Each structure stands twice: as structure tokens, then as C-alpha cells.
Amino acid sequence: NNILISDASYNAYQGIRSELNSENNTIDNNSVSGYDTGISLSTVHNNTIRNNIVSNTNGFGIIVDSSSVNSTVENNHIYNSTMTALGVHSSTNTTVTSNIIEHAIGGMQFNFNSYNITAANNTVSDTQLAAFASNSSLVSYTDDHFYNNTVDFQTNGSGMGISLTNEIFDSPAGNFTNYTNLSLNDTVSEEYAISWANRTMQLSKGYRTFNEKFINISNLTTNISIDQISWSYNDAEIGSENESRIQLWRYNNSWSHLQDANTATNTITLSNLASTGIYGVLILSADPCPAPKTTSTTLTNDLIGSPNS
């Protein structure tokens, strides 16, 4: 109990392990590089893993497992994991904050009936699956930054409560250009994935992109339904644009208009989202143009856009 492990360097089958009801320990400022799990918590209480560098693991970089309670994993750099960089399994009240995860098969994996996991301000890049939540309860993500991953976020389960708040789905460069700020609340009863998307299709006539904000929402089981999902933008992104022309559209072989922006809150919100496809924030190039109804119509100003462009 009450052990501080710090300033150590490990290269072994299992780097650092706290287990069997060990309490109030801190694993701080270590460098762990090896062949299996880097740092492990198993059946412990009130343990903290922070400020460590964990690399080149064949299993988990860091794992909180086996009914551990009140664990904190913060400010670690985890990279080159051939399995998952950071996992929380069968544990309660786990906080995962301000970690940098890169070059791994999986980024953050929360599953096996874990309860009350809070992830915030983590950066995950260059993984096959950045964040995965499965068969757990009260899982929340806030202000995490995902970029250059094959899949950014994926979830499944039955009755699992999950929330995302201001999650950044960024372009591969990771420099906050062409990114989407997304929030959602859902009681998960299916499996779906959300990732940054590169637009390749033409836009609907009369529209242009609003800072290239596109994501792909894909169903991995049938009949998905997301209780509530919101797109956010900030005043600096609006610039000189007419904010009232900002809209959310979905592309699935053709474009469909879904919702106009709430200019008071800088958000676009959908309830009970049930359709997959590419979702993009677009802006109307100009006010819709009326089609002349009679041969005696007189135009006093130029008309731009459909149906007269």
C-alpha cells in the first residue's frame, strides 16, 4: 500500500503490475518498453498511473482490469502497441485524461462490464480503432482529439449509456483543419462507428462546404438509432459568412437536407438519428432564387443559385 514507483526503466515480459487489493499506489514517471503489457492494475483500489512513457508492447500498453476501483490514468504517452494502447476492463470509476496515444492497433478500449468511465482531453492518432466502448455503463468522452485513424469511434452493447461532448474528429494532419466537433447522448442497443470523412462527391447545387466538416456514420448492425447528436462550430469559423445559411446534410447516393443551424447556440442537433452515410455541414451560397412564374416578370437584381443558375 501507498507505494510510489517512479523514475524506473523496464524491459520485460510484464513491466509494472499492481494487483490483489493493493491500495493508494502511484506509478509515476517511468519508461516501460517490452514484449507484453507495459503497466497493469488488477483488482486494486485508488491507484494512479501518470506521466509514464510506455512503448513497443505486444499486448496492452496500460490496462486497468479485474474489478479495479477508483483508478486514474493521466498524462501518459503510449505508442507502438501491437494490440491496444489503453484498456479498461471490468472496472469501476476509472478516469482517463490527457494521454497521448499513437501508432497502435487500438487506442482506448473500454469494455467487459466496466462502469463509470470518464475519458477527457486524450489525443489518439495513427490507430486502426481510436476509441471503442462495449458492454459497459456510464461511459463519457469529453474534448478528445482523434486523427489519422482507420476508425475514430465505435460502440456496441445493449442498454449502455454513452456520451460524447466536444469530441474532435480531425483530418489526417491533426492540425484542426477540416475537423468536426461532435457531441452525442445515446443508450446503445446496436453497433455503429463514426469517423472523419474526406469528401469526394459533388455538393448539392447552390451549396458549398462550411470548413469541410464531414464525418461518416456507419452501421455495423441493422437499424441503428442515436438518441441525440449535435454538431458544433465557433464564431471564428463563421467569419463573414451568413450564419443563417449553415445547414446539415447527409449523403447516401444523393444529398438530403436535414436541419438548419441554431444560430443562438452554434449547433445543429438531430434526435433519433437512424440513417447512415456521410454527414456534412454545408452553407447556402445565396438566398434561394424564385423561378419566374409569368412572362412579364421583371428582375431588378441579379439572381444567383438554383433554380436559375
Side-chain angles (χ1 to χ4, degrees), residues 37-43 49 57-73 78 81-97 99 101 104-120 122-146 149-165 167-169 182-196 215-229 273-274 276:
T37 300
I39 301 175
S40 172
L41 303 181
S42 179
T43 320
I49 302 172
T57 55
N58 288 331
F60 286 91
I62 295 175
I63 178 73
V64 179
D65 198 7
S66 301
S67 302
S68 293
V69 179
N70 297 335
S71 304
T72 299
V73 182
I78 312 166
S81 295
T82 60
M83 193 167 151
T84 297
L86 196 162
V88 178
H89 296 171
S90 307
S91 296
T92 300
N93 300 338
T94 308
T95 301
V96 177
T97 60
N99 299 283
I101 296 170
I105 298 299
M108 299 183 292
Q109 181 189 88
F110 306 150
N111 61 5
F112 297 117
N113 296 311
S114 291
Y115 177 81
N116 193 25
I117 303 173
T118 300
N122 300 286
T123 299
V124 186
S125 65
D126 300 288
T127 71
Q128 292 186 18
L129 175 54
F132 177 62
S134 175
N135 295 312
S136 298
S137 300
L138 293 181
V139 181
S140 67
Y141 299 83
T142 303
D143 296 324
D144 298 302
H145 183 200
F146 305 131
N149 303 292
T150 305
V151 176
D152 288 320
F153 174 79
Q154 185 175 321
T155 186
N156 67 17
S158 178
M160 180 177 69
I162 192 166
S163 69
L164 276 61
T165 304
E167 295 290 280
I168 301 299
F169 295 78
L182 201 68
S183 301
L184 70 79
N185 286 283
D186 191 25
T187 300
V188 179
S189 57
E190 59 286 308
E191 185 170 10
Y192 56 86
I194 304 174
S195 297
W196 177 86
I215 59 170
N216 181 16
I217 300 178
S218 56
N219 62 314
L220 304 176
T221 55
T222 58
N223 301 320
I224 73 164
S225 178
I226 299 175
D227 297 341
Q228 186 176 76
I229 184 168
L273 184 150
T276 59

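Nothing here was measured: the structure is a model prediction, and the numbers come from that model. Residue numbers start at 1 and run along the sequence shown.
With sequence neighbours left out, the side chain to side chain contact (heavy atoms under 4.5 Å, CB included) criterion links S218 to A193, N216. Taking M83 as the reference, F60 meet the side chain to side chain contact (heavy atoms under 4.5 Å, CB included) condition, with sequence neighbours excluded. Residues satisfying the side chain to side chain contact (heavy atoms under 4.5 Å, CB included) criterion with T142, sequence neighbours excluded, are A120, T165. Every residue two or more places apart in sequence or in another chain that forms a ring pair (Phe, Tyr, Trp, His ring centres under 6.0 Å) with Y141 is listed here: F110, F153. Applying the ring pair (Phe, Tyr, Trp, His ring centres under 6.0 Å) test to Y115 and every residue at least two apart in sequence or in another chain returns nothing.
A distance of 12.0 Å separates OG of S42 from NE2 of H89, quoted to the nearest 0.5 Å. Note: I168 CD1 to D152 CG = 11.0 Å, rounded to the nearest 0.5 Å. Rounding to the nearest 0.5 Å gives a distance of 9.0 Å between OG of S134 and CD of Q154. To the nearest 0.5 angstrom, S81 atom OG is 9.0 Å from I62 atom CD1.
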- Message: side-chain hydrogen bond (donor to acceptor under 3.5 Å, both in side chains), that's the test. Do S136 and N111 meet it? Break it down for me.
- Response: CA-CA 6 Å; S136 298; N111 61 5; over 6 Å; no

- Message: side-chain hydrogen bond (donor to acceptor under 3.5 Å, both in side chains) for S163 and S140? Distances and angles first, verdict last.
- Response: CA-CA 5 Å; S163 69; S140 67; 4.6 Å; no

- Given side-chain hydrogen bond (donor to acceptor under 3.5 Å, both in side chains), test N149 with T127 step by step and report yes or no. CA-CA 5 Å; N149 303 292; T127 71; 2.8 Å; yes

- Message: Evaluate N135 against F112 for side-chain contact (heavy atoms from CB on, under 4.5 Å), listing each step before the verdict.
- Response: CA-CA 6 Å; N135 295 312; F112 297 117; over 6 Å; no

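Listed for the E167 side chain is a donor-acceptor partner under 3.5 Å among the backbone atoms of D144.
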What pairs of donor and acceptor atoms, side-chain ones from residues 220-229 against any protein atom, are under 3.5 angstrom apart with sequence neighbours left out?
residue, atom, partner, partner atom, Å
T221, OG1, E191, N, 2.9
D227, OD2, T187, N, 2.9

